[in-house]
Amino acid sequence: MISKKDRLFNLSTKHTTYLFAITETGHLEHLYYGRHLSNPTLSIDALAEKRSLNIGTGTAYDNDHPTLFLTNLCLEYSTMGKGDYRESMVDVEYAKGMQTLDFIVKSFRILPGKPRTFSGLPESYGDKETCTTLEITLKEACLALRLVLTYTVFEDSDVITRRATFHNDSTAMVRIRNLASAQLDIDQDDWTLTTFDGAWARERTMTEHVLQPGILINDSKCGVSSADHNPCIFLTNKEGECIGMNLIYSANHREVVETTTFGKVRLLTGINPSGFSWDLSPQDRFQSPEAVLTFSASGMNGASLHFHHFINNHIIRGAWKLRERPILINNWEATYFNFNEDKLLELAQESAKLGIELFVLDDGWFGVRNDDTTSLGDWTVNPKKLPSGLGGLSLEVHRLGMLFGLWVEPEMVSLESQLYKKHPDWMIAIPGRRPSVGRNQYLLDLTRHEVREYLFKSLSETWHLADVNYIKWDMNRVFSDLYSINSELHHHGEFLHRYVMGLYELLSKLTQAFPNVLFESCASGGNRFDLGMLCYMPQTWTSDNTDALDRLYIQEGTSCGYPLSAMGCHVSASPNHQTLRKTDLEARFNVASFGVLGYELDITKLNRQQKEAIRSQIAFYKAHRALLQYGQFSRIKLANSASNQVIWAVTSEDKSELLVLFAQKLNPANPGSDKLRIQSVDLDAVYEVFPRQQKIDIKMFGDLLNRISPVAITEGGIAQDTISKAVSLDSEVEHYRVSGEQVAFSGIKLNQQFGGTGYDAMTRVLGDFGSRIYLFKKIN
Ligand code: GLA
């Protein structure tokens, strides 16, 4: 709901209210973002900044307003040169580099729904029932320049999106140095900032920053949204309040959190101005990506739920929206480049027997690619590896009753490729300078129309031929040596934005041409996990690291901003290929099941016990898939804390069913009791609670087996191996009938864990990195 009464704009969702007012000078003063207010007009005076006195060394707006100091006002937007000395939202150069700007409210309109943008940027969507849009036009006090602020209120998700559009109505070119998407100025109510930082194979680990006077910057400068610092950020405080912010953009972003000495905090998000500039011709306009804001009175878990709902309903689109995603097998960690048709079919056949639904052929099927030094750009099949072609393989896979998926990395070129021989100037490099390199490969200049045309044509031909149901779109290096011969570029500061716009155009054409294909975006794992990519591709490969312990951190961090339905999570081999850590097959599944499940190991080499375990994992996942992909997720005990335990829960909307993950980092000796205390239950209900039955590998007990075995068993010996292949133990018997109140107010004390003093059918044997999934089912 959006309304305007006198000077006050009120943007309200089901549970939140966002207020700002037009000042006597025609600026916009931000007044409030928080819990829903039922009568906001009453409070306008109480919420506004008091300014009857001068500020020493301050710059007053003008002579008529000697106590109006923009630098100590919460504003909806900001510019340079008029006395606001914080980081500004808008920075534009005109007339020999002048930067002073002053935008004054001219008009506004409220529109039902959300009009489509002109710019080609990916954006959220919604109809008249779910959202309303406010457009405020501001005019520069002395120049023919306009700034339009757009707000869309998504009532059902408790989300407000924002963007800015800059119009050059003058007769001269202006240079945009910065146009942030959103600015939020709030009081410093003891906020803590959470960012999601990392690198390859350790993406989106939560970092907390205490706010002190000064500037904190969360950004990316490598050309993609990056695993280094995800664009999603949160502020939380001791009242349990949380503000979340994200950006629908996949290139360089910047979030500024500036804490002033006047006790205010400014948040900005948008395209990173570092290295960016955009020359705006007369009568032209430039639009920022869309920023996404939410507020929750239930902390970060509450804010995450808003983001999850928003992404599932207003970002993800097309045939796979809100649809259960298939369980896949991916051959990458099973074979790497070393495969042939027989090997792939063997893998597919075994997968089909276990209940896997989608076979994904990863890297190495095209050109002459037998390692990562060649062939990127040549999207035609290698007949030596696949004599029946992609069509033949896909036919066999389809015959097995599975979907067929294919890996591609279209934005790249290898020096050793037909494409490079034919079009060396399509590669991003500066003439006369040796280009830097990543994973032996180079980027293609997607700012250029002919490059995009080639990719559209060669990819669509291959995908038709292969009758694909799924595409994994990879991107394994970031940018360097920015240069383009594209004549549309006025300035190389435009390059990265033009590149990503080119990518978006290509993705939009391909997703329209293949409307039923499920796309999964990937960038060496999660180097481009963002809302921009999710507008085209409903899921993202979360991380190349599938270690059961590390994934607790990675998935937990990712879940703060993104729903489980968007997170690709695979069970891979042990020892893990990234960490060499040995973890239990069941523990790997337990963690991977909180997301879109896949397997990425050579299952043909597994023994009978392991295959049986996988068969029942898959059956379990299918039975609870809707909950595991679309349930309401909450983080109860964080991996990223001193706690040895990690607890997550997914709850169905009507709270009739919950799945709870209990995981531990290390196995404690002589442990205390473990407890499940979950708030997201129906307090009036009665639940049956029991753990998913899983297999316990007898190898876990090492030579302790000799305490019960009539024959001597050597740890790591043939006897132990043989028994382990044939026999495994069932996990503990445990069952409760409890009230919702008991679960929420007291918690369930679980069976004792193995602690070195004995073992019986009730003992919970978890081991290091071990876990259980508990099923809560409402019975009344
Ligand atoms: C990247 C991806 C992997 C795999 C390889 C193939 O690293 O993240 O999942 O597809 O490329 O080269």
Side-chain angles (χ1 to χ4, degrees), residues 198-204 222 224-228 230 250 328-339 343-344 347 358-379 381-382 385-386 404-414 416-417 437-443 459 462 466 468 470-478 518-530 533 537 539-547 550-551 554-555 558 566-573 576-579 588 592 595-602:
W200 174 74
R202 48 187 169 81
E203 296 92 340
R204 290 172 297 286
C222 61
V224 293
S225 49
S226 92
D228 311 15
N230 193 269
S250 312
L328 65 82
I329 175 89
N330 179 305
N331 76 309
W332 177 241
E333 289 200 358
T335 65
Y336 292 104
F337 292 103
N338 185 18
F339 60 82
K343 177 69 211 172
L344 295 180
L347 196 59
L358 160 66
F359 178 85
V360 180
L361 171 55
D362 210 277
D363 195 356
W365 57 267
F366 51 93
V368 287
R369 189 158 163 99
N370 295 315
D371 57 34
D372 63 14
T373 59
T374 78
S375 303
L376 292 168
D378 301 342
W379 299 110
V381 75
N382 178 348
K385 283 184 177 174
L386 301 174
F404 179 69
L406 196 63
W407 178 97
V408 285
E409 197 183 356
E411 297 161 72
M412 300 292 160
V413 63
S414 309
E416 228 183 281
S417 65
V437 61
R439 207 195 182 195
N440 305 304
Q441 65 195 51
Y442 301 86
L443 281 136
L459 293 171
T462 312
V468 295
Y470 162 105
I471 288 294
K472 176 175 172 188
W473 183 290
D474 209 342
M475 201 268 186
N476 283 315
R477 71 154 290 186
V478 293
L518 172 61
F519 284 85
E520 177 154 348
S521 135
C522 171
S524 305
N527 203 29
R528 197 164 58 181
F529 202 131
D530 59 62
M533 295 309 284
M537 311 202 184
Q539 49 192 70
T540 306
W541 179 222
T542 311
S543 173
D544 279 351
N545 183 350
T546 42
D547 175 88
D550 286 357
R551 274 293 183 128
I554 297 169
Q555 290 175 214
T558 308
M567 286 163 49
C569 301
H570 297 179
V571 174
S572 61
N576 177 272
H577 291 194
Q578 289 73 40
T579 61
R588 278 172 270 153
V596 179
L597 180 67
Y599 288 80
E600 190 167 334
L601 74 170
D602 190 350

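In each ligand, atom 1 is the first atom listed, and ligand 1 is the first ligand listed.
- With sequence neighbours excluded, the residues satisfying side-chain contact (heavy atoms from CB on, under 4.5 Å) with W200 are S524, D544, Q578.
- Scored by the salt bridge (charged side-chain N to carboxylate O under 4.0 Å, His left out) test, R477 finds no partners at all (sequence neighbours excluded).
- Using a 30° and 60° split on the angle between ring planes, W407 and F366 fall in the parallel class, below 30°.
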Under 3.5 Å, N/O to N/O: give me all the pairs between ligand 1 and the protein, one per line with atom names and distance.
{"residue": "ligand 1", "atom": "7 (O)", "partner": "D544", "partner atom": "OD2", "Å": "3.0"}
{"residue": "ligand 1", "atom": "8 (O)", "partner": "G525", "partner atom": "N", "Å": "2.9"}
{"residue": "ligand 1", "atom": "8 (O)", "partner": "D544", "partner atom": "OD1", "Å": "2.5"}
{"residue": "ligand 1", "atom": "8 (O)", "partner": "D544", "partner atom": "OD2", "Å": "3.2"}
{"residue": "ligand 1", "atom": "9 (O)", "partner": "K472", "partner atom": "NZ", "Å": "2.8"}
{"residue": "ligand 1", "atom": "9 (O)", "partner": "W541", "partner atom": "NE1", "Å": "3.4"}
{"residue": "ligand 1", "atom": "9 (O)", "partner": "D544", "partner atom": "OD1", "Å": "3.4"}
{"residue": "ligand 1", "atom": "10 (O)", "partner": "D362", "partner atom": "OD1", "Å": "2.6"}
{"residue": "ligand 1", "atom": "10 (O)", "partner": "D362", "partner atom": "OD2", "Å": "3.3"}
{"residue": "ligand 1", "atom": "10 (O)", "partner": "W407", "partner atom": "NE1", "Å": "3.0"}
{"residue": "ligand 1", "atom": "10 (O)", "partner": "K472", "partner atom": "NZ", "Å": "3.0"}
{"residue": "ligand 1", "atom": "10 (O)", "partner": "D474", "partner atom": "OD2", "Å": "3.4"}
{"residue": "ligand 1", "atom": "11 (O)", "partner": "D474", "partner atom": "OD2", "Å": "3.0"}
{"residue": "ligand 1", "atom": "11 (O)", "partner": "N476", "partner atom": "ND2", "Å": "3.2"}
{"residue": "ligand 1", "atom": "12 (O)", "partner": "D363", "partner atom": "OD2", "Å": "2.6"}
{"residue": "ligand 1", "atom": "12 (O)", "partner": "R439", "partner atom": "NH1", "Å": "2.8"}
{"residue": "ligand 1", "atom": "12 (O)", "partner": "R439", "partner atom": "NH2", "Å": "3.0"}

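- Enclosure of atom CG in D371 by more than 12 non-hydrogen atoms of other residues, nucleotides or ligands within 6.0 angstrom is indicated.
- W379 and W365 have tilted rings, their planes meeting at an angle from 30° to 60° on a 0 to 90° scale.
- For D474, there are no salt bridge (charged side-chain N to carboxylate O under 4.0 Å, His left out) partners, not counting sequence neighbours.
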